[in-house]
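Report on one structure; see the data block that follows.
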Amino acid sequence: MNSKQTTPTESLEQFRMRVKGEIVTPGSANYDETRVLHNTRHDRRPAIIVRANDASDVARGIQFARTHGLAIAVRSGGHSLPGYSMNDGGLVIDMSGMTNIQIDPATRTAWAQPGALAGDFAIAAQEFGLAVPFGDAESVGLGGITLGGGIGFLVRKHGLTIDHVRAIELVTADGQIVTATATEHADLFWALRGGGGNFGVVTGFRYELVEVGTILGGAILLPATREVLEGYARVSEDAPEELTTISFVLRAPPMPFVPEEKVGTMVLAIFPCYTGDLEEGQKVLEPFRQLATPVADVTMPMPYPGIYDLTREATAPKREVVRSGFYPSFDSETIDRILEFMEAAPSPFCATQVRPLGGQMAKVDRDATAFAHRGANYLVTIIGGWLEPHEDGTLDAWATRAWDTIKDRREGAYSNFLEDEGEGRIRESYGEKTYARLAEIKQRYDPANVFAGNQNIAPKAMSAAA
Ligand SMILES: Cc1cc2nc3c(=O)[nH]c(=O)nc-3n(C[C@H](O)[C@H](O)[C@H](O)COP(=O)(O)OP(=O)(O)OC[C@H]3O[C@@H](n4cnc5c(N)ncnc54)[C@H](O)[C@@H]3O)c2cc1C
């Protein structure tokens, strides 16, 4: 243990007595399991992990960290790509035990704690034929995905996760428990919807739900050629907003529905989610099937949470590197580069994810929330995945080379898909105007930048001084 990790024992014991949840330290039997993150390449060793039970535990954790000069990290589902939800030698406020979800079908609202997972929420809400749009992985925590925006299988029909948030309870840097809504702390409410973990530790979200029952989901795998990818863009742009697809260029995995001779060939795996009349949905999917003879076609009606059955394996924890950007179009030049670098991918867990956007996401006013890229048409993400630490260098180099070939055509970034890529990329996520407003609100609520272990927006005065 280095000197930074030494905790002031006496105060720690008093702190332990006052906290209702659990305090985990390097000597605790569950220390290693508690500090594991989804991206397993991050092996961080905090001095103290506060497994919070409620908002007062969070407030005490913040106060203790500030008194002892410990850096703070905040963890909900643990899916931060750069591993910001753990730190070395600091204090982690771990919300993963705060998983309560209460659905009120009468008002079509839900109150949920940030440690609840997207998949658990989907199942709880589906009991009433309701949903909130989260992302493509059931294991993502509500805390991180909601604060960053939330782009998922319902984005074209129902918009972003933040478009369904009606109230946020959080503990601010000075330990106050505050509820932010459109009318109370309205500036903070605006900032929290897209501005990430910069403004406090969220202890609860109130969501408004939408009706989503049986959807048409599954997968259509097509050979990944330039013509198919160009056709995919064309057909997606013509599709009604009831259809959202999330697609991957990758080597066909050995899944039960992939013919053996096609395993390992380069495919475009399209995961559709059609909400609406199911027969109409089949017609909407037909032009995708017509792009080439499908390698596999397993689309079927399913309850909405069924979408997670298909992504479960691909989104399991592993070592990961990600590069991502919003694009105005999915053009032939970008397609050619993707096909080239995917051929050279050094691991079977590598993929390039393509998300056609638009629809409801684009209809919300750009200034209504801190999510600035409402007008983006595509989100393209290079994902390198692997298992062994000795492969880190190879995968990092591949992702960097791949990104270099397509990055110039991007128009913006999504903060939830950023790695540790520097201030320029964080600014890119917001654009000048939104970033400036966020920095002002940060100045008011966290002038000392207590919440710095994140895609950090420096308080205005600090930015100006720098
Ligand atoms: C496999 C995988 C699939 C994904 N799919 C999608 C997708 O389809 N759509 C999408 O939009 N995103 C997606 N993401 C990105 C995901 O939304 C972000 O990584 C998000 O931050 C994860 O939230 P978390 O709570 O699980 O992570 P954590 O690592 O726990 O938190 C990430 C960060 O969020 C902040 N934070 C978390 N909880 C709180 C809180 N209670 N209070 C204040 N700040 C908090 C902190 O800054 C923290 O560092 C995916 C990520 C992975 C790894």
Side-chain angles (χ1 to χ4, degrees), residues 35-42 44 52 55 58 61-62 72-87 92-99 112-119 133-155 160-162 168-173 191-192 194-205 244 246 248 271 273 307-308 311-322 324 349 351 353 355 357 361 371 379 381 383 385 414-420 426 446 450-457:
R35 66 190 182 85
V36 167
L37 293 178
H38 182 270
N39 186 349
T40 54
R41 75 184 302 185
H42 301 299
R44 308 236 154 103
V58 172
I62 295 169
I72 294 178
V74 183
R75 182 202 201 276
S76 286
H79 279 52
S80 162
L81 300 168
Y84 287 154
S85 39
M86 281 288 142
N87 60 21
V92 175
I93 299 179
D94 181 349
M95 309 300 286
S96 64
M98 289 180 61
T99 58
Q113 292 181 321
L117 305 184
F134 293 111
D136 68 353
E138 64 185 349
S139 50
V140 165
L142 303 196
I145 192 168
T146 306
L147 293 169
I151 305 174
F153 276 113
L154 297 170
V155 68
L160 302 169
T161 306
I162 48 172
I168 301 179
E169 183 192 89
L170 79 160
V171 184
T172 56
L192 288 165
N198 276 287
F199 305 94
V201 182
V202 171
T203 50
F205 296 102
T244 297
I246 300 180
F248 297 83
F271 294 90
C273 175
I307 52 167
Y308 292 128
T311 59
R312 185 166 299 129
E313 216 171 293
T315 57
K318 60 177 101 55
R319 305 176 88 79
E320 276 189 330
V321 56
V322 164
S324 177
F349 302 114
Q353 185 189 68
R355 300 186 187 217
L357 302 170
M361 166 178 151
F371 183 93
L379 178 60
T381 307
I383 305 167
Y414 174 35
S415 67
N416 264 350
F417 280 7
L418 286 183
E419 291 253 19
D420 186 353
I426 299 171
D446 183 16
V450 167
F451 302 113
N454 46 36
Q455 300 296 353
N456 194 235
I457 293 156

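Position 1 is the first residue of the sequence; numbering continues from there. Each ligand, and each atom within it, is numbered from 1 in the order the structure gives.
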task: Return a yes/no value for Thr315: is any of its N or O atoms, backbone included, closer than 3.5 angstrom to an N or O of ligand 1?
output: no
query: Taking N or O atoms only and a 3.5 Å limit, does Gly141 qualify as a polar contact for ligand 1?
result: yes
Region of Phe451 engaging ligand 1 - heavy atom pairs below 4.0 Å: neither
field: Distance flag for atom 33 (C) of ligand 1, protein heavy atom under 4.0 Å
entry: no
Atoms in ligand 1 flagged as close to Asp136, the criterion being non-hydrogen separation under 4.0 Å: 3 (C), 4 (C), 5 (N), 6 (C), 7 (C), 8 (O)
field: Check: Tyr84/Asp420 side-chain N/O donor and acceptor closer than 3.5 Å
entry: yes
query: In terms of atom number and element, which parts of ligand 1 are under 4.0 angstrom from non-hydrogen atoms of Gly135?
result: 7 (C), 8 (O), 9 (N)
- prompt: Which is it for Arg355 and ligand 1 at heavy atoms under 4.0 Å: side chain, backbone, both or neither?
  reply: side chain
- request: List the closest protein heavy-atom neighbour of atom 38 (N) of ligand 1: residue, atom name, distance to the nearest 0.1 Å.
  value: Ser76 OG, 2.7 Å
query: Quick one: does ligand 1 sit under 4.0 Å from the side chain of Thr161, the backbone, both or neither, non-hydrogen atoms only?
result: neither
message: With a cutoff of 4.0 Å, is Gly200 in contact with ligand 1, counting heavy atoms of the residue only?
response: yes
statement: Within the 4.0 Å heavy-atom cut-off, what His38 brings close to ligand 1 is side chain
- prompt: Between Phe248 and Phe271, does the ring centre distance come in under 6.0 Å?
  reply: yes
task: Compute the shortest N/O to N/O distance between Val201 and ligand 1 and return yes if it is under 3.5 Å, no if not.
output: no
message: Taking a cutoff of less than 4.0 Å between a non-hydrogen atom of the residue and any ligand atom, is Gly150 in contact with ligand 1?
response: yes
query: Who's the nearest protein heavy-atom neighbour of atom 45 (C) of ligand 1, and how far?
result: Leu147 CD1, 3.6 Å
query: Counting both backbone and side chain atoms, is some N or O of Ile151 under 3.5 Å from an N or O of ligand 1?
result: yes
field: Proximity to ligand 1 by part of Phe417, non-hydrogen separation under 4.0 Å
entry: side chain
message: Can you give me the closest heavy-atom contact between Leu117 and Glu138, atom names plus distance?
response: CB-O, 3.4 Å
task: Could you establish whether Gly148 and ligand 1 come within less than 4.0 Å of each other, counting only heavy atoms on the residue side?
output: no
query: Looking at ligand 1, does any of its N/O atoms fall within less than 3.5 Å of an N/O of Asn416?
result: yes
statement: Residues Ala137 and Thr311: closest non-hydrogen pair is CA-OG1, 4.3 Å
statement: Contact region, Pro114 to ligand 1, non-hydrogen atoms below 4.0 Å, reads side chain
- request: Could you name the option among His79, Met86, Arg75 that has the heavy atom nearest to atom 19 (O) of ligand 1?
  value: His79
- request: Kindly confirm or rule out an N or O of Gly77 lying under 3.5 angstrom from an N or O of ligand 1.
  value: yes
query: Mind checking whether Asn454 has an N or O less than 3.5 Å away from an N or O of ligand 1?
result: no
